[in-house]
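Down below is the structure, laid out as structure tokens.
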Amino acid sequence: MKITKLALGLLTVALLFVVGEAATETSKKTVTEESLGLRHTDIYSETKETHGDKTEYGVNPAGTSKRFVRAYQDAPPMIPHDLEGLLPITIDNNACVGCHDPAVAPAMGATPIPKSHYIDFRPKHTYDGKTFTNVIDNMKNEIVEIVENPTLTGARFNCSQCHAPQTTGKLAVESTFEANYTREDGSTKSTWDEVILDNLNTLE
Ligand code: HEC
Ligand code: HEC
């Protein structure tokens, strides 16, 4: 068979056309930088759209701030008031207890420290002078004795380890999480006061 120069030429043109079309298709599908990641802004500028608002914590002194809605049922509440002069918490000075101690909290308009903070949830152990051994109930695993102590348990002393202030600014990436509270008042109140003493006692 004789392939003429003309036929070869036509074939090349046709091929180029097809390849060219495919290339155009690919460039149409290019993924933009803005569509990658959560920030939805290009990576060359650090604008407000990228950062969200400046982090600014509540400046209203305790007693004049507005409580935040709890993030989920039994979440540790965020601190709404100014912390100026209240931190750091030291062994000799825990300003938080001064207002949140259940004995004074109602008079101060503060939320009382809940029962859970007066219970030691750490597994019991024995100590023979050398080794700590966890007390094990073969049916129930490690034993935690649910007893309310008159004083705050050590694990709850450092309030700011779990309770943090919350900024009121807008986020660059809005959270779409919606809490599904198990109780009607779940957005403002923890349920632990009522349930822990009955449900978690591993000794019974
Ligand atoms: C001068 C008294 C006072 C001191 C000191 C204080 N608080 Fe408060 N706290 C309040 C009051 C009153 C409220 C209720 C909101 C308001 O009125 O500002 C509150 C609210 C809170 C809340 C929110 C409770 C809820 O139900 O949502 C948390 C958490 C909190 N404080 C933690 C702390 C921590 C941690 C410290 C120590 C770093 C502290 N507070 C020190 C008086 C105080
Ligand atoms: C180990 C983490 C942790 C530490 C430390 C801690 N808390 Fe909490 N706190 C929580 C959690 C979790 C909750 C919600 C569940 C509950 O009520 O126990 C809570 C709830 C609270 C509540 C709301 C109670 C209610 O009835 O709604 C207050 C007030 C509070 N804590 C104050 C304090 C103060 C003051 C301190 C320091 C003396 C402190 N907490 C230390 C984790 C902690």
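Note that ligands are numbered from 1 as they come in the structure, with each ligand's atoms numbered from 1 the same way.
Interface of Ser116 with ligand 2, defined as ligand atoms under 4.0 Å from a residue heavy atom, comprises 16 (C), 17 (O), 18 (O). The Leu152 neighbourhood of ligand 2 comprises atoms 38 (C), with distances under 4.0 Å to a heavy atom of that residue.
Using bins of under 30°, 30° to 60° and over 60° for the plane-to-plane angle, the ring pair Trp192/Phe121 lands in the perpendicular bin. Relative orientation of the His117 and His163 rings is tilted, given thresholds of 30° and 60° on the angle between their planes.
Taking a cutoff of 4.0 Å between a charged side-chain nitrogen and a carboxylate oxygen, Asp185 and Arg183 qualify as a salt bridge.
Side-chain contact between His81 and Ile79 is present, with at least one heavy-atom pair separated by less than 4.5 Å. The side-chain heavy atoms of Val69 and Tyr181, taken from C-beta on, include a pair separated by under 4.5 Å. Side-chain atoms of Pro77 and Thr111, non-hydrogen and from C-beta on, never get closer than 4.5 Å to each other.
The atom of His117 that is an N, O or S and sits closest to atom 8 (Fe) of ligand 2 is NE2.
The backbone N or O of Phe157 lies less than 3.5 Å from a partner atom in the side chain of Asn94, making a donor-acceptor pair.
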For ligand 1, run through the N/O pairs with the protein that fall under 3.5 Å and put one pair on each line.
residue, atom, partner, partner atom, Å
ligand 1, 7 (N), His81, NE2, 2.9
ligand 1, 7 (N), His100, NE2, 2.9
ligand 1, 9 (N), His81, NE2, 2.9
ligand 1, 9 (N), His100, NE2, 2.9
ligand 1, 17 (O), Gly63, N, 3.4
ligand 1, 18 (O), Gly63, N, 2.8
ligand 1, 18 (O), Thr64, N, 3.4
ligand 1, 18 (O), Ser65, N, 2.9
ligand 1, 18 (O), Ser65, O, 3.4
ligand 1, 18 (O), Ser65, OG, 2.5
ligand 1, 26 (O), Arg67, NE, 3.4
ligand 1, 26 (O), Arg70, NH2, 2.8
ligand 1, 26 (O), Thr111, OG1, 2.8
ligand 1, 31 (N), His81, NE2, 2.9
ligand 1, 31 (N), His100, NE2, 2.8
ligand 1, 40 (N), His81, NE2, 2.9
ligand 1, 40 (N), His100, NE2, 2.8

